[in-house]
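Counting starts at 1 for both ligands and their atoms, following the listed order.
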Amino acid sequence: MRQSLLFTKTRKEIPKDEDSINAQLLIRAGFVDKVMAGVYTFLPLGLRVFKKIENIIREEMVAIGGQEILMPSLQPKENWEKTGRWEGLDNLFRFTSHYSKIDYALGATHEEIIVPLTKKFIFSYKDLPAYIFQIQNKFRDEKRVKSGLLRGREFFMKDFYSFHKDEKDLDLFYFKKGKKAYENVFKRAGIGSSTYFTFASGGTFSKYSHEFQTISSAGEDTIFLCEKCKIAVNKEIISEQNSCPDCGNKNLKEEKAVEVGNIFQLKTKYSIPFDLKYRDQDGAEKDVIMGCYGIGLNRLIGAIVEIFHDKNGIIWPEAVAPFKVHLLNLSKDKKNRDFAEKIYKDLQISEVEVLFDDRVDATPGEKFAEADLIGITYRLVVSDKTGSKVEIKRRNSKTSSLVSKKDLITKLSK
Ligand code: ATP
Ligand code: MG
């Protein structure tokens with residue numbers, strides 16, 4: 001993509017109404033635009049990052065058997081009354097139609113839709129297990145939105161639901177497949193080494209639920225790490241038991257963290273209100289046992305930026321960067337400009353994603369500053385000094401090197 005054609009621009013000044021690093025950088029670099037508190041538009045660069053994250057998540061969910069669907073945001077009041085959450089869920093957006101005076105909810109989560117849905121298809125043990133997910137926008141009337149993309153009023157979530165014939169099957173899937181798929185997602189998104197499987201309170205249905213907490217000073221949660229087991233417990237659990245649930249270690253390290261995902265053994269919490277049952281092999285009617293698994297996409301993007309940035313801008317992990325390469329032409333000379341054009345074309349032919357700063361009205365200093373702010377993994381420079389070669393530098397490295405066009409294409413098309 002040519003930067004001269006990109007309708008968005010970067011901004012030098014820090015937005016006054018954002019105090020989090022992630023929102024400041026994402027707005028300044030032109031990834032998102034703030035519509036109002038807790039609501040953002042994804043701009044072309046931001047949408048590219050979003051789609052990369054979405055694809056990583058989708059691939060990992062499909063790999064554990066997930067079938068993708070898309071449920072609506074507009075939801076009937078009756079379903080929410082059945083689970084007691086019309087009144088019970090503080091952050092549910094509720095409103096009334098002007099015409100019919102019918103009440104609706106805006107989807108804050110989708111158990112109220114997916115359970116009645118599966119009731120139309122799940123009858124027998126032969127229909128189980130079933131794994132269903134979606135990647136969709138959620139609405140929550142959060143009391144306070146803060147920390148930019150980390151807590152919004154409208155945000156995207158991947159929500160995955162599993163349906164089982166008994167708790168043993170749920171347990172197996174939850175720990176062997178669900179947990180593993182989450183670890184894969186966070187590893188591929190670049191935050192694997194700072195994300196911890198964290199024991200959280202399970203409410204009345206199971207002893208624990210589990211959060212995936214990413215260490216960051218921007219986080220609103222506090223976790224307690226067992227460095228031996230590489231797991232953590234959250235605040236509720238530390239106050240109950242004061243030790244690592246795996247090894248009993250009491251010497252836990254306190255850290256600030258962001259909850260990027262969580263998984264929950266719902267068991268019969270939603271199958272009972274909707275009477276979701278199946279007939280077992282022995283003919284007996286039994287409750288379907290459920291699990292649910294969420295990842296916040298906006299929050300994950302925000303957490304990545306909180307971890308990977310420096311004073312000049314974002315440093316995207318390669319797998320989620322909007323482009324692999326940011327090609328800068330700094331020369332006004334026709335020959336050099338043509339050379340940069342040729343590199344741009346050759347990279348495209350080799351299917352290397354490239355943002356080409358072909359602007360004639362920006363100074364070299366501006367181009368360098370914007371490249372650092374946007375944070376694409378490889379920066380290539382063609383200038384009056386690079387001759388028949390191209391300068392290549394990684395965003396997170398201080399040193400650059402000169403390479404020939406041929407070597408460049410070979411190196412980058414890998
Ligand atoms: P939190 O504890 O942060 O309020 P939650 O436990 O209510 O979140 P879930 O309902 O389980 O979260 O949602 C699954 C995931 O969705 C969370 O792990 C988080 O990544 C994301 N998420 C939840 N609320 C928000 C929000 N307001 N803005 C952005 N992402 C969110
Ligand atoms: Mg939570």
So is Asn91 close enough to ligand 1, meaning a heavy atom under 4.0 angstrom away?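 No.
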Contact with ligand 1 for Asn262, non-hydrogen, under 4.0 angstrom
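True for this residue.
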**Request:** With sequence neighbours left out, write down each residue that passes side-chain hydrogen bond (donor to acceptor under 3.5 Å, both in side chains) with Arg140, or none if nothing qualifies.
**Result:**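 Residues passing side-chain hydrogen bond (donor to acceptor under 3.5 Å, both in side chains) with Arg140: none at all.
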Check: Do Glu370 and Thr10 meet the criterion of a side-chain donor-acceptor pair at a distance under 3.5 Å?
Finding: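 Result is yes, a qualifying pair exists.
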Geometric class of the Tyr182/Phe212 ring pair [parallel <30°, tilted 30-60°, perpendicular >60°]: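 Ring orientation, 0 to 90° scale: tilted.
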Among all the protein's non-hydrogen atoms, which is closest to [atom], and how far away is it?
{"atom": "atom 1 (P) of ligand 1", "value": "Arg151 NH2, 3.4 Å"}
{"atom": "atom 14 (C) of ligand 1", "value": "Met157 CE, 3.6 Å"}
{"atom": "atom 19 (C) of ligand 1", "value": "Arg299 NH1, 3.4 Å"}
{"atom": "atom 15 (C) of ligand 1", "value": "Gly296 N, 3.9 Å"}
{"atom": "atom 8 (O) of ligand 1", "value": "Glu259 OE2, 3.8 Å"}
{"atom": "atom 28 (N) of ligand 1", "value": "Gly152 N, 2.9 Å"}

For atom 30 (N) of ligand 1, which candidate among Phe155, Phe264, Phe156, Tyr293 holds the nearest heavy atom?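 Shortest heavy-atom distance from atom 30 (N) of ligand 1: Phe155.
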Quiz item: Taking the minimum heavy-atom distance to atom 20 (O) of ligand 1, which of Leu149, Asp159, Val260 ranks first?
Solution: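 That would be Val260.
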Item checked: Distance below 2.8 Å from the Mg ion (ligand 2): protein N/O/S atoms ->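 Counting only protein N, O or S atoms under 2.8 Å from the Mg ion (ligand 2), the list reads Glu259 OE1.
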Applying a heavy-atom cut-off of 4.0 Å, say which part of Arg140 lies close to ligand 1: side chain, backbone, both or neither.
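The answer is the side chain of Arg140.
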Contact partition for Lys138 relative to ligand 1, non-hydrogen atoms under 4.0 Å: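 Within the 4.0 Å criterion, Lys138 makes no contact with ligand 1.
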**Asked** Would Tyr161 and Tyr270 count as a close aromatic pair, with their ring centres under 6.0 Å?
**Response**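 When the ring centroids of Tyr161 and Tyr270 are compared, they turn out to be at least 6.0 Å apart.
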